[in-house]
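Below is one structure; the comments refer to it alone.
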2 protein chains.
Amino acid sequence: MDKSDKEITITDVAKQAGVSMATVSRVVNGNNNVKETTRQKVMDVIDKLHYRPNAVARGLASKKSTTIGLILPNMGDLLYSNLAKGIDDVASMYKYNIILTSLKNGIGSEQQLFNDLLAKQVDGIIYMGETISNDIYKEMCNSRVPVVFAGAIDEQQQISSVNIDYVKAVRDVVKFLIDNGNRKIALVTGDLNSPINGKYRLEGYQQALENAGISYSSDNVFETVYSLQAGAAVWDAMHDSGITAAFVSNDLLAAGILNAAVDSGIQVPEEFELVTSSNTILCDVARPKMTSVAQPLYDIGAVAMRMLTKLMNDEEINDKTISLPYSFVKRGTTKNN
Amino acid sequence: MDKSDKEITITDVAKQAGVSMATVSRVVNGNNNVKETTRQKVMDVIDKLHYRPNAVARGLASKKSTTIGLILPNMGDLLYSNLAKGIDDVASMYKYNIILTSLKNGIGSEQQLFNDLLAKQVDGIIYMGETISNDIYKEMCNSRVPVVFAGAIDEQQQISSVNIDYVKAVRDVVKFLIDNGNRKIALVTGDLNSPINGKYRLEGYQQALENAGISYSSDNVFETVYSLQAGAAVWDAMHDSGITAAFVSNDLLAAGILNAAVDSGIQVPEEFELVTSSNTILCDVARPKMTSVAQPLYDIGAVAMRMLTKLMNDEEINDKTISLPYSFVKRGTTKNN
DNA sequence: ATGAAAGCGCTAACAC
DNA sequence: GTGTTAGCGCTTTCAT
């Protein structure tokens, strides 16, 4: 109660209850080897003294921190906050705390974050970055603590990951756009160096074109950043090129394109169709509402965290790479037959 | 490198370098009382062995965890992720890690989170909840570790906090709407039990009306939750009542109202004006773009974190309650003269 | 069912 | 400058 109160320790409880520290420890940790009457006695003292076990001391002694690390690219992004929500819910279900870190600009940032987390003795790490450098990738593979990718992909399938089948998602979307009569379809993504964009999404895009006998042209692929302004710029770049539809890999970027198109008097979806990728609330806010691939963000986070608990517990896991089903939510930016 | 490698400890480094643990500790902690040549020698061994100090052990010995706790209402909310970004940036500047927790539904949740954080020996806590129960409030006041409210207010000014002057903000906005010719103006907020809504915002609203000689009617105050659907429902409830303008305390809610109005053929801002409160990206995505009070979210977070570092450091702080300047960004949902 | 005691890896007096 | 050593608060054998 009093600000100057010394913290109550296990020793205080042991003394007051007239038992040893070991017994108090057993009670606190739910060990069954304690007589019910002793147990009660100890519990009473704990309540009376408001004893709160020191997690740091416990961590040092037991070599478990019941804390996991979360590395994400950008705290301001809705996409990641939704993933994080799934992670958080499962984590608290299993009594884990989350140390949150986000990638800062600058070389070696991920390296630094990773090391910081290890220094804090986290029991596991969830990585949500879109890209990963080779150095840190290797470290993760050999790491003492398990690592799971959420909403990201390990091309080499060494690290456990949870995501959706990006190739198929894009292929399906582009096929849909082709079936709607479009022949010149744009692919608008972020950094093509990230596997998810440059490899999977691009591949799905190319497959769909090929299946339809449309020749691929890199002119129709736009690489940019995820912002409204970038979207407007992309629109400027493509609106005279005869492109009639676009698949966009980020909702904010898509909203930028959509608004630029609408603001310039284009009829959507009659003259221009657009599909985005994250199905965040932005899809419902935009007018027309945006058609989107619906990644089960919350579930990806939740499953990734569940997977991590298994790994931390040395349990068997069936598949290193889990692909969750996605859906396709048709709204106002596409002609839906 | 090898998965089975034992962790390198300070003892290993000390032995290899032929010095004592204390010296290694000094080197690691940048203590100057070390001869340069010894320092080099130790550093070399640290590099060679890839020694990484164990933060948990350090925490136990030094009684500092260089970790702070963050309690926020909802991880999926853009508002909070922006605040969190400011916190994160300053935190990493001062080498603090963040343990992130979010309020779950159910009684006693905040109590539980608070205790968990204390158990983990965090050096400080930032609280971003809109409301707070009396029990936990008292505990925070008497807490061994400093607590700062970010984007929240302590009515009793006992706990340090960073925010904007909500009363004035709303008063100014409502005055603006009155000056635009509106007489029947709605106040649309979340839970009126939270001081920020029920006390400050309501007060600002009433002051503005009073100043203009307009009588207050609770019929024009709408209490609801923060979602698009809720916004649509509010629109339904108010569109026949002669209300011609609204101040809304959440962007998502505002977007819901705006879209419902526009979708039903209302001309905005000619027939209906709307001002929202958080100036998140939603304001730019919506059509027309939404006029908003611009809380400096990032800054609130950053200043709160900076304040916390001072408190953790027992430095003097000038003001317990910091009100940051806000601005008023006029966009398309108001008639701007 | 319970207790004694040896650490966990580090910091911080204190001594030299 | 550098080393010695006593904790920090807890878990975990190992006895009993």
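Below, read A as the first sequence line, B as the second, and so on, with proteins coming before strands; counting in each chain starts at 1.
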Going by side-chain hydrogen bond (donor to acceptor under 3.5 Å, both in side chains), name the residues that satisfy it together with [X], two or more places apart in sequence or in a different chain.
| X | result |
| --- | --- |
| T131(A) | none |
| S323(A) | none |
| T101(B) | none |

> Which whole-number value in Å describes the distance from K64(B) NZ to dC10(C) C1'?
Replying inline: 15 Å
>> Please report the interatomic distance CE(M43(B)) to NZ(K41(B)), rounded to the nearest 0.5 Å.
In response: 14.5 Å
> Between Q112(B) and D116(B), does a side chain to side chain donor-acceptor pair (under 3.5 Å) hold up when you go through it step by step?
Replying inline: CA-CA 6 Å; Q112(B) 181 64 42; D116(B) 278 0; 3.1 Å; yes
>> I need the full list of salt bridge (charged side-chain N to carboxylate O under 4.0 Å, His left out) pairs touching residues 44-63 of chain B, with sequence neighbours left out, sorted by first then second residue.
In response: E7(B)-R52(B)
> Reading nucleotides 5-16 of chain D from the 5' end, what letters show protein touch, with B for base, S for backbone sugar-phosphate only, - for no heavy atom under 4.0 Å?
Replying inline: --BBBBBB----
Side chains of [X] and [Y]: do they bring a donor and an acceptor to under 3.5 Å?
| X | Y | value |
| --- | --- | --- |
| K120(B) | T67(A) | yes |
| S65(A) | Q121(A) | no |
| N313(A) | E315(A) | yes |

Which of [range] sit near DNA chain D, with a heavy atom under 4.0 Å from it?
| range | answer |
| --- | --- |
| residues 35-49 of chain B | K35(B), T38(B) |
| residues 12-20 of chain B | G18(B), V19(B), S20(B) |
| residues 112-123 of chain A | none |

>> I'd like to check the salt bridge (Lys or Arg N to Asp or Glu O under 4.0 Å) partners of R39(B); sequence neighbours left out, ordered by chain and number.
In response: E36(B)
>> I'd like to know if K104(B) pairs up with D88(A) as an ion pair, taking the criterion as any Lys NZ or Arg NE/NH1/NH2 lying under 4.0 Å from an Asp or Glu carboxylate oxygen.
In response: yes
> Who are the side chain to side chain contact (heavy atoms under 4.5 Å, CB included) partners of S25(A), not counting sequence neighbours?
Replying inline: I10(A), N29(A)
> Are side-chain heavy atoms of F149(B) and S160(B) found at a separation under 4.5 Å?
Replying inline: no
> Quick one: bend of the helix from dA1(C)-dT16(D) to dC16(C)-dG1(D) from 5 pairs per end, to 10°?
Replying inline: 30°
>> Can you tell me if T23(A) touches the phosphate of dT2(C), counting only side-chain N or O atoms and a distance under 4.0 Å to OP1 or OP2?
In response: no
> Please, which pairs that meet ring-ring contact (aromatic ring centres under 6.0 Å, His included) have at least one residue in residues 13-45 of chain B, sequence neighbours excluded?
Replying inline: none
>> Using a 3.5 Å distance criterion without hydrogens, assess whether the side chain of N82(B) forms a donor-acceptor pair with backbone atoms of L297(B).
In response: no
